[in-house]
Amino acid sequence: MRIEIKNNGPYFVSGTVPISEAVITPVEHHYEYVPGDEVIPGNAEKYYLCRCGKSGNAPFCDGSHAGSGFDGTETAENLPFTERVTDVTEGSTMALLDDSRCAFARFCHRDEGDVWTLTTADEDEHLRSEAIIAANECPAGRLAMLSLEDKGEFIEDQLDQEVVILQDPEKGVSAGIAVRGSIEITSAAGELYVPQNRVTLCRCGESSNKPFCDASHVGAGYVDGR
């Protein structure tokens, strides 16, 4: 399973990667993924996903990038997560690593507080569990919880490989493409991005951190029509 980024064009997904839709849904003071509409590619073995935000057949490419002047130049740093970390929040048993790569999915908020506050309160077993959930449900992979007791291992299960098209009706927009399970992503120049369990790719065409989502879909008011 792999994703190849085409120069100023779409994402080419091959290897029979499962694809689905999920709706970012507020529940009290936290968020949950609720299954959305069925997403059926024309060819389950390989398909092209829109990257320019102009397709009339979203989330799939319809060739609109060719006539829209889409500039898909990739600007994101290709470094391991631990080298991108900009902030560390420590509790008594674990530390939250944060690389600031935000897709504005808001899963870092739980009923009892945000993930940073919860991490510092990890003496409480319930709050510790809530902090871990908040970190691990961040689709951008911005957050990762590191154990301070278990040989510095990350507290996270390896996800199944899949592509999830995100919708965000609370904000009135369509969100990015969540890529789970360390699927290989290759740049337009043929360089392999460092694999990561959770990343979110831009599909509105406006990110300043291409190919990754930086929440520009919110300001752009991007809606894919699904």
List the steps, then state whether side-chain contact (heavy atoms from CB on, under 4.5 Å) holds for Leu49 with Ile19.
-> CA-CA 11 Å; Leu49 294 175; Ile19 182 170; 3.9 Å; yes
Is it true that the NZ or CZ of Arg203 lies under 6.0 Å from the centre of Phe60's six-membered ring and within 45 degrees of the ring axis?
-> no
Count the heavy atoms belonging to other residues, nucleotides or ligands that lie under 6.0 Å from CG of Asp160, then report whether that count exceeds 12.
-> no
What about Ile177 and Ile185, same hydrophobic cluster or not, with Ile/Leu/Val/Met/Phe/Trp/Tyr joined at side-chain heavy-atom distances under 4.5 Å?
-> yes
Between Ser129 and Glu125, is there a donor-acceptor pair closer than 3.5 Å when you use the side chain of the first and the backbone of the second?
-> no
Under 3.5 Å side-chain donor-acceptor pair for Tyr193 and Glu184 | no
Nearest atoms (heavy-atom pairs only) where Val115 meets Ala131 = CG2-O, 3.5 Å
For Gly190, does its backbone N or O pair with a side-chain atom of Thr186 as donor and acceptor, under 3.5 Å?
-> no
For His126 and Glu112, does a side-chain donor sit closer than 3.5 Å to a side-chain acceptor?
-> yes
Residues Ser208 and Asp214: side-chain donor-acceptor under 3.5 angstrom = yes
Does some side-chain heavy atom of Cys50 sit less than 4.5 Å from a side-chain heavy atom of Pro59?
-> no
For the side chain of Asn136 and the backbone of Ile155, is there at least one donor-acceptor N/O pair under 3.5 Å apart?
-> yes
May I have all residue pairs that pass side-chain hydrogen bond (donor to acceptor under 3.5 Å, both in side chains) and include part of residues 9-20, sequence neighbours excluded?
-> none
Could I get the full list of side chain to side chain contact (heavy atoms under 4.5 Å, CB included) partners for Val85, not counting sequence neighbours?
-> Phe81, Val88, Leu97
Considering only NZ, NE, NH1 and NH2 on the basic side and carboxylate oxygens on the acidic side, decide whether Lys210 and Glu74 come within less than 4.0 Å.
-> no
Taking atom NZ of Lys171 as the centre, report whether more than 12 heavy atoms of other residues, nucleotides or ligands fall under 6.0 Å from it.
-> yes
Could you check if a side-chain atom of Tyr47 sits within less than 4.5 angstrom of a side-chain atom of Val163, using non-hydrogen atoms only?
-> yes
Provide the closest heavy-atom pair for Arg51 versus Cys202 in the form atom of the first, atom of the second, distance.
-> CG-O, 4.1 Å
Any side-chain heavy atom of Leu143 sitting closer than 4.5 Å to one from Cys108?
-> yes
State whether the side chain of Thr86 and the backbone N or O of Asp98 hold a donor-acceptor pair below 3.5 Å, judged by distance alone.
-> yes
Do Val164 and Arg180 come within less than 4.5 Å of each other through their side chains, counting heavy atoms only?
-> yes
So, Asn197 side chain and Leu159 main chain: donor-acceptor pair closer than 3.5 Å or not?
-> yes
With the side chain counted from C-beta on, respond yes when Val173 and Gln167 share a heavy-atom pair under 4.5 Å apart, and no when they do not.
-> no
Would one find more than 12 heavy atoms of other residues, nucleotides or ligands at under 6.0 Å from atom CG of Asn43?
-> yes
Do other residues, nucleotides or ligands put more than 12 heavy atoms under 6.0 Å from Glu77 CD?
-> no
Which is it for Leu148 and Thr93 under the side-chain contact (heavy atoms from CB on, under 4.5 Å) test, yes or no, and what are the steps along the way?
-> CA-CA 5 Å; Leu148 297 178; Thr93 64; 5.7 Å; no
Examine distances only and state if a side-chain atom of Asn8 and a backbone atom of Asp71 form a donor-acceptor pair shorter than 3.5 Å.
-> no
For Ser182, which of Gln196, Arg198, Gln158, Met1 qualifies under side chain to side chain contact (heavy atoms under 4.5 Å, CB included)?
-> Gln158
Taking every non-hydrogen atom, the tightest pair across Asp168 and Phe104 = OD2-O, 4.2 Å
Taking only Lys NZ, Arg NE, NH1 and NH2, and the carboxylate oxygens of Asp or Glu, determine whether Arg128 and Glu130 approach each other closer than 4.0 Å.
-> no
Do Val199 and Met145 sit in the same hydrophobic cluster, where Ile, Leu, Val, Met, Phe, Trp and Tyr count as joined when their side-chain heavy atoms come under 4.5 Å apart?
-> no
Ignoring hydrogens and angles, state whether a donor on the side chain of Thr119 or Asp122 is under 3.5 Å from an acceptor on the partner side chain.
-> no
Does Val23 belong to the same Ile/Leu/Val/Met/Phe/Trp/Tyr cluster as Val39, with side-chain heavy atoms less than 4.5 Å apart forming each link?
-> no
Look at the rings of Tyr33 and Phe107 and say which category their plane angle falls in: under 30° parallel, 30 to 60° tilted, over 60° perpendicular.
-> parallel
Please indicate whether Glu149 has more than 12 foreign heavy atoms, meaning atoms of other residues, nucleotides or ligands, lying under 6.0 Å from its CD.
-> yes
Indicate whether the side chain of Asn57 and that of Ser55 have a donor and an acceptor atom separated by less than 3.5 Å.
-> no
Considering only heavy atoms from C-beta outward, does the side chain of Pro139 approach that of Leu166 to under 4.5 Å?
-> yes
Which pair of non-hydrogen atoms, one from Ala76 and one from Arg101, has the smallest distance, and what is that distance?
-> CB-NH2, 4.5 Å
Heavy-atom side-chain contact between Tyr222 and Glu206 under 4.5 Å | no
What's the shortest heavy-atom distance between Thr200 and Ala178, and which atoms?
-> OG1-CA, 4.2 Å
With no hydrogens and no angle check, is any side-chain donor or acceptor of Asp124 less than 3.5 Å from a backbone partner on Leu127?
-> yes
Are His30 and Glu32 close enough that a side-chain donor and a side-chain acceptor fall under 3.5 Å?
-> yes
Heavy-atom side-chain proximity of Tyr31 to Glu170 below 4.5 angstrom = yes
Are Ile24 and Val223 co-members of a hydrophobic cluster defined by side-chain heavy atoms under 4.5 Å apart?
-> no
